[in-house]
Amino acid sequence: MTRLLTVAAAQLGPIQRDHTRAQVVDRLIALLHAAHRHGAELVVYPELALTTFFPRWFVDDITTADHWYETSMPNVATQPLFDEAKRLGIGFCLGYALREAAPAGATRRWNVQTLVERDGSIVATYKKTHIPGHEHHEPDRPFQHAERYYFEPSPDGFGVWRAFGGLIGMMICNDRRWPESYRVMGLQGVEMILCGYNTPIHYVPDPSQDILQGFHNALVMQSGAYQNGTWVVGVAKGGVEEGVDSLGQTMIVAPSGQIVAQALGSDDEIVVARCDLDWCSRYKDTLFDFDRYRRPELYGRICSQRGVIVAD
Ligand code: CDT
């Protein structure tokens, strides 16, 4: 018997600053309906799928950015998506900014994805682990990438959950560039990793990378999938958002490392694949039989050391 899971990667085009949550949720529901017509059981939306990518602007008083964050999920704005998905028997994974009240009047801000099962129950909310960009205002940039100002890094790291008849993991955008993200989930037997992203084409610290954005996107997800024998669903918010062009190239990658489906444009679009979760074992039980071939006793630096230490 094979375990087939039909997945729709629901790419979004740009969400401009003045678009309301209601307008965006209407778009998410339209994509949900398209996915339903293709027999999808799981729909994966991008990172920060309810708002524009607001870390491109710096504000001196972070509380003036509070309106970009959700304070509960579901909430009034997203309840129609939860209701419609449940009615159709489709699960989904939704990226958004979360703001939580903490003791002593503190506030915690996270970049998260929530995974919802086909019956509407919440499986888990994953917090982004690798927070890229900068902490302070850098006025010389054409646009900011101040994620390190707006979000704390996850204290929890990468989990894997039993859902959708398999073992499902999550990561968010920059996490996909780090082999550790995949391996930590691989060591928990992950069979499908869900990853939303917002990737500006222009990489300010080194513009020579601009032309390689699509290549690097595919490179990391294809290698992460293959080296861990897992499906990877990478979902973009692409197109020109508030003047900043972002990568599309939403894709579904098989445990072989092959791209089985890919977006054609950079606007709202679904990409669907019938994924056999049992295909993972072809890699997990052979070339990447971790228990047989890994040498963790020699990998100590990976966990004990953060930056590079060059021998004298
Ligand atoms: N959203 C996000 O993590 N984007 C980064 C952009 C590069 S770092 C400025 C990414 O890794 O795609």
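Because only heavy atoms are used, hydrogens play no part in the values below, and waters and symmetry mates are left out as well, while side chains stay in. Order of listing sets the numbers, starting from 1, for every ligand and every atom in it. Quick caveat, the model's predicted, so the values are computed rather than measured.
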* Asked: In the protein, what heavy atom is nearest to atom 3 (O) of ligand 1, and what distance, to one decimal place, separates them?
  -> K128 NZ, 2.8 Å
* Asked: Any idea how H145 and F53 line up, ring-wise: parallel (<30°), tilted (30 to 60°), or perpendicular (>60°)?
  -> tilted
* Asked: Can we say E297 and R295 salt-bridge, meaning some charged N sits less than 4.0 Å from an Asp/Glu carboxylate O?
  -> yes
* Structure fact -> atom 8 (S) of ligand 1: closest protein heavy atom, distance to 0.1 Å, is P132 CB, 3.6 Å
* Structure fact -> Closest to atom 6 (C) of ligand 1 among protein heavy atoms sits H145 CE1, 3.7 Å
* Do the numbers put R109 on top of the ring of Y69, so that NZ or CZ is under 6.0 Å from the six-membered ring centre and no more than 45° off the axis? -> yes
* Hey, are T52 and E241 close enough side-chain-wise for a donor-acceptor pair under 3.5 Å? -> yes
* Asked: Numbering the atoms of ligand 1 from 1, which are under 4.0 Å from a heavy atom of N174?
  -> 3 (O), 10 (C), 11 (O)
* Structure fact -> closest protein heavy atom to atom 11 (O) of ligand 1 is R177 NE, 2.7 Å
* Structure fact -> Quick look: F53 vs ligand 1, heavy-atom contacts under 4.0 Å, and the answer is side chain
* Nearest protein heavy atom to atom 2 (C) of ligand 1, by residue and atom, and its distance? -> C173 SG, 2.8 Å
* Asked: Is the NZ or CZ atom of R17 both under 6.0 Å from the centre of the six-membered ring of W57 and within 45° of that ring's axis?
  -> yes
* Charged N to carboxylate O below 4.0 Å: is that the case for R87 and E84? -> yes
